[in-house]
Amino acid sequence: MAEPPFWQALIKSVNFYARFAPSFTRVGYISRGLPFKPVRADYAGQNWLITGATGGLGKAAALRAAAKGATVHAVGRNARAMDDLVREARGPGSIVPVLCDLSSMAAVADMVRRPEIAAVKFDVIVNNVGLLMRAFQETSEGLETSYATNLLGHYILTGDLHRAGGLKPGGVVINVVSGGLYNVPLNKKMLNIPEAHFNGFAAYASHKRAQIALAEHWRASWIADGIKTYAVHPGWADTAGVKTSLPKFRKILAPILRNNHEGADTIDWLAATHPPEIVDEIWFDRKPRTAHAYPHTRLTRTTVADLVAFLDADRARLAV
């Protein structure tokens with residue numbers, strides 16, 4: 001994918017950050033009074049599953065849920081980070097470690113069949129894990145790594161859990177998205193980008209845009225079960241991913257970036273309150289916001305049905 005001229009990219013970047021920084025950073029979080037409105041919830045008896053739970057927003061969400069009584073099945077691949085999460089957790093809930101390489105679709109499909117997962121009916125699923133790749137990387141299954149991790153894996157995991165009866169009626173599915181999606185429309189050609197055309201930022205933004213569409217698909221498909229689905233934007237938090245993938249962004253905005261618990265606030269709030277779902281909206285700081293900051297992102301030939309067909313085709317090819 002050809003890069004735009006430097007000056008065009010610079011102007012676009014300046015405009016983007018000037019527009020959204022006052023809202024997406026800690027400035028917006030504080031100005032809305034959220035530090036003075038803690039999420040009060042009792043998750044005793046609930047089972048949660050959170051992907052990417054060993055760091056960043058996923059870890060913060062796991063710790064918040066366990067502190068309020070939930071049994072949190074924390075999914076990640078780093079055993080040492082998983083041990084740290086277990087040590088840091090404070091009850092009355094608990095952390096159940098689930099080691100899994102979320103870039104492997106075979107591993108994701110197998111995880112759903114594990115006894116410690118198959119025996120559980122989940123109240124809350126948080127599809128949180130996300131990778132922004134600076135360079136192209138392919139999995140052993142022939143998929144671009146961030147596409148596999150950010151999107152296809154969540155589609156397989158959540159769908160398989162529902163088919164197996166692992167989502168409790170009246171439960172909640174929360175897809176964690178990102179402000180980067182405001183720059184792109186839904187476009188299936190930008191999901192599993194080949195090496196010759198790879199752009200990690202465009203891929204990541206496209207995956208996050210697709211997660212909104214997946215929330216809409218599941219909402220329509222599972223309405224009879226009373227399962228609610230949401231896409232949540234956590235704001236700009238100082239996660240490990242930001243430190244490694246967006247060092248210039250972090251250098252400029254570090255003093256006002258949200259911490260991980262501030263980023264996880266609306267995840268916690270959605271799980272506690274189950275507000276009415278709104279089509280084509282993103283939940284941000286406990287309110288629904290537009291998913292289209294720019295008009296061009298509404299202009300797309302890719303439909304939700306096209307996205308689902310695209311993901312189903314990859315799943316069928318992998319036979320998982």
Side-chain angles (χ1 to χ4, degrees), residues 38-54 56-76 85-86 89-98 100 102 108 111-112 114 116-130 153-177 211-212 214-219 221-223 225-234 260-261 263-278 282-284 286 288:
V39 178
R40 304 193 184 281
D42 181 0
Y43 298 137
Q46 290 193 11
N47 290 293
W48 288 41
L49 186 145
I50 302 176
T51 66
T54 55
L57 303 174
K59 181 175 182 178
L63 293 174
R64 289 170 73 114
K68 297 173 184 177
T71 298
V72 181
H73 291 69
V75 185
L85 172 64
V86 172
R90 299 293 180 268
S94 61
I95 302 292
V96 177
V98 182
C100 180
L102 292 164
V108 170
M111 180 180 66
V112 178
R114 292 187 200 175
E116 68 269 30
I117 300 296
V120 178
K121 290 188 180 296
F122 290 99
D123 299 88
V124 179
I125 306 294
V126 182
N127 290 318
N128 163 75
V129 71
H154 285 148
Y155 178 68
I156 292 173
L157 170 62
T158 309
D160 280 5
L161 284 172
H162 181 262
R163 281 185 286 274
L167 290 183
K168 188 176 293 186
V172 175
V173 176
I174 300 171
N175 290 346
V176 181
V177 300
Q211 284 188 300
I212 300 176
L214 271 190
E216 294 180 11
H217 167 66
W218 290 330
R219 181 180 305 133
S221 301
W222 302 339
I223 190 170
D225 299 321
I227 295 170
K228 292 191 173 182
T229 63
Y230 306 102
V232 58
H233 174 23
N260 291 322
H261 280 276
D265 176 85
T266 301
I267 298 172
D268 189 4
W269 181 84
L270 287 169
T273 60
H274 296 203
E277 301 148 298
I278 300 177
I282 302 173
W283 288 85
F284 171 58
R286 307 187 194 180

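Not measured: the values here are computed from a predicted model.
Sparse packing is recorded around CD1 of Ile223, with 12 or fewer heavy atoms of other residues, nucleotides or ligands lying under 6.0 Å away. Heavy-atom contacts from other residues, nucleotides or ligands closer than 6.0 Å to CZ of Arg40 number 12 or fewer.
Partners of Ser94 by side-chain contact (heavy atoms from CB on, under 4.5 Å), not counting sequence neighbours, listed by chain and number: Thr71. Listed by chain and number, the residues in a side-chain contact (heavy atoms from CB on, under 4.5 Å) with Ala66 are Val72, Ile95 (sequence neighbours excluded).
Side-chain N or O atoms of Asp123 include one that pairs as donor or acceptor with a backbone N or O of Asn47 at under 3.5 Å. With Tyr230 contributing its side chain and Pro275 its backbone, the two residues share a donor-acceptor pair below 3.5 Å. Within the 3.5 Å criterion, the main-chain N or O of Ile50 finds no donor-acceptor partner in the side chain of Asn128. Panel note: side chain Lys68, backbone Val39; a donor-acceptor pair is recorded below 3.5 Å.
The shortest non-hydrogen separation linking Ala60 to Ala264 is CB-CB, 3.9 Å. Across every non-hydrogen atom of Pro288 and Ile278, the tightest pair is CG-CD1, 3.5 Å. Closest non-hydrogen pair, Ala231 versus Ala215, comes out as N-CB, 4.5 Å.
Summarising the geometry, atom NE2 belonging to His73 is positioned 13.5 Å from atom CH2 belonging to Trp48; distances are rounded to the nearest 0.5 Å.
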Could you give me the CA-CA distance, side-chain angles and deciding distance for Thr229 and Glu277, then say whether side-chain contact (heavy atoms from CB on, under 4.5 Å) is met? CA-CA 7 Å; Thr229 63; Glu277 301 148 298; 3.9 Å; yes

Please step through side-chain contact (heavy atoms from CB on, under 4.5 Å) for the pair Val120 and Val96, ending with a clear verdict. CA-CA 12 Å; Val120 178; Val96 177; over 6 Å; no

Start with the C-alpha gap between Ile117 and Leu161, add the side-chain angles, then the distance that decides, and say whether side-chain contact (heavy atoms from CB on, under 4.5 Å) holds. CA-CA 9 Å; Ile117 300 296; Leu161 284 172; 3.9 Å; yes

Verify side-chain contact (heavy atoms from CB on, under 4.5 Å) between Cys100 and Arg114, making sure each step is shown before the conclusion. CA-CA 11 Å; Cys100 180; Arg114 292 187 200 175; 3.9 Å; yes

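Within the 4.5 Å cutoff, no side-chain heavy atoms of Leu167 are placed close to those of Asp225. Contact of the Val129 side chain with the Val176 side chain is not registered, since no non-hydrogen atoms from C-beta on lie closer than 4.5 Å. Looking at heavy atoms from C-beta onward, His154 lies out of side-chain contact with Asn175 at the 4.5 angstrom threshold. Residues Val173 and Trp222 form a side-chain contact, since some pair of their non-hydrogen atoms from C-beta on lies under 4.5 Å apart. Within the 4.5 Å cutoff, the side chain of Trp218 has no heavy atoms near those of the Ile125 side chain. Looking only at side-chain heavy atoms (C-beta outward), Val108 and Leu102 come within less than 4.5 Å of each other. The side-chain heavy atoms of Met111 and Val75, taken from C-beta on, include a pair separated by under 4.5 Å. Using a 4.5 Å cut-off on side-chain heavy atoms (C-beta onward), Pro234 and Ile267 make no contact.
Just one residue in the list Thr266, Leu270, Asn127, Asp268 forms a side chain to side chain contact (heavy atoms under 4.5 Å, CB included) with Ile174, and that residue is Leu270.
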